[in-house]
**Q** 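There's a structure below that I have some questions on.
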Amino acid sequence: MKPPFKIGILASGSGSNAEQIITFLKPFEQIQIAFIASNRSKAKVLERAENHGIPHFHFSTKNLAEENILDRFEPYQADAVILAGFLAKIPAHLIQKFDNKIVNIHPALLPKFGGKGMYGHHVHEAVFNAKETTSGMTIHLVNEEYDKGAILFQAKTNIEPKDNPTSIASKVLALEHFHYPRVIKTWIDKLREP
Ligand code: GRF
């Protein structure tokens with residue numbers, strides 16, 4: 001029997017996606033959440049980790065840019081890193097360490113509405129202002145360019161005339177909650193195939 005596949009989750013905010021991932025993956029003993037870490041010491045995601053008994057810690061955004069961040073991760077022996085609303089650029093040393101094993105979720109249909117500054121409500125406002133008739137979410141691998149790694153999965157939602165940036169955000173978040181845990185599970189299963 002293979003050892004469990006371990007993931008680390010990085011998040012900066014509420015962590016509602018992290019919560020969905022934790023709950024969805026719980027029955028699968030072959031996948032373990034080794035740690036949850038945040039670059040915001042008061043992020044709600046750390047409370048969620050505590051409530052689930054998952055090891056968790058805070059690091060500063062400055063720490064992240066330094067190579068010794070790898071020492072903070074080392075004890076948990078993660079095989080992959082999942083970004084769930086993580087609002088800092090992933091540095092080259094982390095990308096090299098987890099080569100093609102960092103996944104991100106973006107609340108729009110990349111390659112549109114991606115790149116620096118395109119996060120949270122900025123994305124939904126840009127989609128609304130561009131009078132798009134659809135939006136959605138993208139799950140992709142992380143490389144050294146913001147929002148440009150290989151796309152694993154996308155899901156769409158229609159934008160109706162009555163929608164506004166807030167309602168678009170909640171439609172997209174519902175898609176994220178449903179699909180992100182499932183796509184992660186499928187991706188890990190593939191990585192583990194003999
Ligand atoms: C999500 O929309 C995600 O796509 C974006 O930030 C939001 C995070 O929400 N990157 P939460 O912290 O998971 O609740």
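In each ligand, atom 1 is the first atom listed, and ligand 1 is the first ligand listed. Position 1 is the first residue of the sequence, and the numbers go up from there.
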**Q** Does the separation of the ring centres of F153 and H179 fall below 6.0 angstrom?
**A**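 Centroid separation for F153 and H179: below 6.0 Å.
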**Q** Which protein non-hydrogen atom lies closest to atom 14 (O) of ligand 1, naming both residue and atom, and how far is it?
**A**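 Checked against all protein heavy atoms, atom 14 (O) of ligand 1 sits closest to S16 OG, 2.5 Å.
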**Q** For K42, look at atom NZ and say whether over 12 heavy atoms of other residues, nucleotides or ligands are found less than 6.0 Å away.
**A**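 Not buried by this count: 12 neighbours or fewer within 6.0 Å.
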**Q** Among all protein heavy atoms in this structure, tell me which lies nearest to atom 9 (O) of ligand 1, with the distance rounded to 0.1 Å.
**A**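 In this structure, atom 9 (O) of ligand 1 has N17 ND2, 3.9 Å as its nearest protein heavy atom.
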**Q** Report the nearest protein non-hydrogen atom to atom 2 (O) of ligand 1: residue, atom name, distance rounded to 0.1 Å.
**A**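 Of every protein heavy atom, E176 OE2, 2.9 Å lies nearest to atom 2 (O) of ligand 1.
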**Q** With heavy-atom distances below 4.0 Å as the criterion, list the atoms of ligand 1 near I105.
**A**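 Taking each heavy atom of I105 in turn, ligand 1 has 4 (O), 10 (N) under 4.0 Å.
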**Q** Got a salt bridge between K89 and E144, using NZ or NE/NH1/NH2 to carboxylate O under 4.0 Å?
**A**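 No salt bridge links K89 with E144.
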**Q** Is A11 in contact with ligand 1, taking contact as a heavy-atom separation below 4.0 Å?
**A**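 In this structure, A11 fails to qualify as a contact of ligand 1 - no heavy atom is under 4.0 Å.
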**Q** Identify, by atom number and element, the atoms of ligand 1 in contact range of P107, meaning under 4.0 Å from any of its heavy atoms.
**A**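 So the atoms of ligand 1 that pass are 2 (O), 4 (O).
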**Q** I'd like to check whether G15 has a polar contact with ligand 1, where a contact means an N/O of the residue lying under 3.5 Å from an N/O of the ligand.
**A**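 The answer is yes, given that G15 and ligand 1 share an N or O pair closer than 3.5 Å.
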**Q** Working to the nearest 0.5 angstrom, can you tell me the gap between I36 CD1 and I22 CD1?
**A**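 So the gap between those two atoms works out to 4.0 Å.
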**Q** One thing to verify: whether K97 and E74 come together as a salt bridge, which I'm taking to mean a side-chain N less than 4.0 angstrom from a carboxylate O.
**A**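 Between K97 and E74 there is a salt bridge, with a charged N closer than 4.0 Å to a carboxylate O.
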**Q** Got an N/O contact under 3.5 Å between H106 and ligand 1?
**A**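 N/O-N/O distance below 3.5 Å does not exist for this pair.
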**Q** Would you tell me which option among A169, G85, S14 has the nearest heavy-atom contact to atom 10 (N) of ligand 1?
**A**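 Among A169, G85, S14, the closest heavy atom to atom 10 (N) of ligand 1 comes from G85.
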**Q** With the side chain counted from C-beta on, respond yes when Q30 and R192 share a heavy-atom pair under 4.5 Å apart, and no when they do not.
**A**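 Yes. Closest side-chain heavy atoms under 4.5 Å.
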**Q** Under 6.0 Å between the ring centres of F24 and F178?
**A**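 Not under 6.0 Å, so no.
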